[in-house]
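Just so you know, ligand 1 is whichever comes first in the structure, and atom 1 is the first atom listed for that ligand. Every heavy atom of this structure was used, including side-chain atoms; hydrogens, water molecules and symmetry mates were not.
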Amino acid sequence: MKQVNFSLIATDGAARCGRIDTPRGEINTPAFMPVGTAGTVKAMYPEQVRETGADILLGNTYHLMLRPGAERVASLGGLHDFMDWQRPILTDSGGFQVMSLAKLRKLTEKGVTFKSHIDGSTHELTPERSIEIQTLLDSDIIMQLDECIALPAERKEMERAMELSIRWADRSKAAFNNQQNRALFGIVQGGDDAELRGRSAAGLKSIGFDGYAVGGLAVGEPQDVMFRVLSEITPELPTDRPRYLMGVGKPDDILGGIERGVDMFDCVHPTRAGRHGHAYTRFGVINLKNARHKDDHRPLDEASPNPNCRRWSRAYLHHLVRTEEILGAMVLSQINLAYYQELTAGARAAIVDGRMNDFAAETRAAWAAGDL
Ligand SMILES: CNc1nc2c(CCNC[C@]34C[C@H]5C[C@H](C[C@H](C5)C3)C4)c3nc(N)[nH]c(=O)c3cc2[nH]1
């Protein structure tokens, strides 16, 4: 009996509020999933990540398969015990990273071979091996191996990568072997072409997946192109399965994605921006590196539910950032992840109350008013 199940709780227009039940706990959607790059959410203890409100985080197949190796993580009890995060983990298939990080990569019908950017060793990633690695990591939600291309791209190239990804989806599903204790998601490709996207969604639906990711976006296209593709494709995805927009995004990308029927998001942005001195607040993003903060005794946001937004002056946060103190990365990572969780929690409540439009308008107005 499948132990990962999605329940749709409420809808408001195209926006949805739901819950994914898994053997390791529930995931309330819309959900933002913090990124645990190589078995750690940078600068955060796992319990701190949980305290921000995160129900699930991302592991990193590409890094872990190279170092310390999937078999070693498995022999150490799997990724949950390895990093002591006992709630759900989603892992990507590794292909996106191979195409962006690895050297001397060769893509064939079989899969992709590449040299490790760490020690130059040669590796092969196929749909079958990616399923095996994610299973060895004991991930709760795993992704098919796909080919994600950058935009803009020629239609022929988008079509080729989309069709390959469907064949790889089929092989991934077969290799998954109907495991009941984790979910397998397919990934819709097709670039910015509605017809290709439609064919990809149809192909994946006929294979049948526990969830459907929208890939091939946040790869250089303008936000309005991403939103158009989402508006076209989410209506073609099953309503009783989660939709996951991969690699997105900034708060206004996430709000727009929720309005267009997306349930799950992941992005390195909140933690990476935090390490670079950018703080996300209800009033938008504030660059604490800027010298204008050096005498500002005001807290970041005295009305924030997050104590870390009230505890220190902007002058102090500016000092931490300027001196590159480790505490700066810690505090701003926590502030940004907590803000992303406030945003998705607010959306969930608004959808249940049928006031998503008001919530979106109020949220955007506060960003625009930005008293930063
Ligand atoms: C940013 N834009 C964007 N991302 C994308 C990703 C990766 C999602 N994040 C997972 C990831 C990626 C890296 C960094 C962290 C940890 C780990 C390695 C897993 C998040 C994607 N992944 C796959 N399999 N397919 C895509 O089309 C795709 C498109 C994206 N567009």
Side-chain angles (χ1 to χ4, degrees), residues 31-42 44 49 54 56-67 70 79 83 85 89-102 107 111-112 117-118 125-127 130-131 133-134 137 139 141-151 153 157-158 161-162 164-166 168-169 172 184-192 196-197 200-201 204 209 211-223 225-226 229-230 233 243-250 253-254 257 262 264-273 275 333 337 340:
F32 179 75
M33 305 183 285
V35 163
T37 301
T40 150
V41 176
K42 292 188 188 311
M44 299 276 287
V49 177
I56 176 172
L57 57 83
L58 256 72
N60 182 342
T61 302
Y62 173 76
H63 271 90
L64 292 168
M65 73 182 272
L66 296 179
R67 184 176 55 184
L79 188 51
M83 65 185 293
W85 167 267
I89 290 176
L90 182 148
T91 47
D92 199 353
S93 47
F96 179 80
Q97 275 221 297
V98 168
M99 301 316 275
S100 53
L101 270 186
L107 190 138
V112 57
H117 73 289
I118 296 168
L125 198 54
T126 63
S130 180
I131 295 294
I133 289 168
Q134 296 178 79
L137 297 176
S139 176
I141 300 177
I142 72 177
M143 307 305 294
Q144 71 156 92
L145 185 67
D146 62 328
E147 186 190 356
C148 170
I149 57 170
L151 291 179
E157 183 59 5
M158 295 193 287
M162 181 274 286
L164 174 66
S165 294
I166 291 181
W168 282 2
S172 301
L184 172 64
F185 281 20
I187 304 177
V188 178
Q189 293 293 349
D192 59 3
L196 295 178
R197 286 275 174 184
S200 179
L204 295 181
F209 287 94
Y212 295 84
V214 180
L217 292 176
V219 288
E221 79 286 354
Q223 186 188 62
V225 170
M226 178 173 80
V229 170
L230 284 177
I233 199 61
R243 295 93 177 256
Y244 162 27
L245 177 55
M246 305 189 84
V248 174
K250 294 185 178 174
D253 298 320
I254 289 173
V262 175
M264 301 160 76
F265 303 85
D266 90 276
C267 194
V268 297
H269 189 71
T271 35
R272 184 175 292 168
R275 294 195 303 279
S333 295
L337 287 180
Y340 271 58

Among Asp266, Asp92, Val219, closest by heavy atom to atom 20 (C) of ligand 1 is Asp266

Notebook entry, point to check: What about Asp146: any of its N or O atoms under 3.5 Å from an N or O on ligand 1?
Noted result: yes

**Asked** Judged by non-hydrogen atoms, does Gln189 sit under 4.0 Å from ligand 1?
**Response** yes

Separation between CE (Met44) and OG1 (Thr271), nearest 0.5 Å, reads 9.0 Å

- Task: Kindly confirm or rule out an N or O of Gly215 lying under 3.5 angstrom from an N or O of ligand 1.
- Result: no

Margin query: Given 3.5 Å as the limit, does a donor-acceptor pair link the side chain of Ser139 with the main chain of Thr91, or not?
Written below: yes

Between the CD1 atom in Ile142 and the CG atom in Asp92, the distance rounded to the nearest 0.5 Å is 11.0 Å

Separation between OH (Tyr212) and OG (Ser200), nearest 0.5 Å, reads 11.0 Å

Next item on the list: Mind running side chain to side chain donor-acceptor pair (under 3.5 Å) on Gln97 and Asn60 for me, showing each step along the way?
Entry: CA-CA 9 Å; Gln97 275 221 297; Asn60 182 342; 3.1 Å; yes

Interatomic distance, CZ@Arg197 vs CE@Met158, rounded to 0.5 Å, equals 9.0 Å

Heavy-atom nearest pair, Leu145 first then Ser130, reads CB-CB, 4.4 Å

Any heavy atom of Leu217 under 4.0 Å from ligand 1? The part involved is backbone

Does Ser93 have a non-hydrogen atom less than 4.0 Å from ligand 1?
-> yes

Quick note on ligand 1: atoms under 4.0 Å from a heavy atom of Ile187 include exactly 24 (N)

Near Gly216 (heavy-atom distance under 4.0 Å), the atoms of ligand 1 are 26 (C), 27 (O), 29 (C)

Out of Tyr244, Phe185, Phe96, Phe265, the nearest non-hydrogen contact to atom 30 (C) of ligand 1 is supplied by Phe96

Taken to the nearest 0.5 Å, the spacing of Trp168 CH2 from Ser93 OG works out to 9.0 Å

Measuring from the heavy atoms of Met143, does anything fall under 4.0 Å of ligand 1? no

Going by the 4.0 angstrom heavy-atom rule, the piece of Thr61 near ligand 1 is neither

Next on the checklist: Geometry only, no angles: is Val268 polar-contacting ligand 1 at N/O separations under 3.5 Å?
Outcome noted: no

Note: Gln97, heavy atoms under 4.0 Å from ligand 1, region reported as side chain

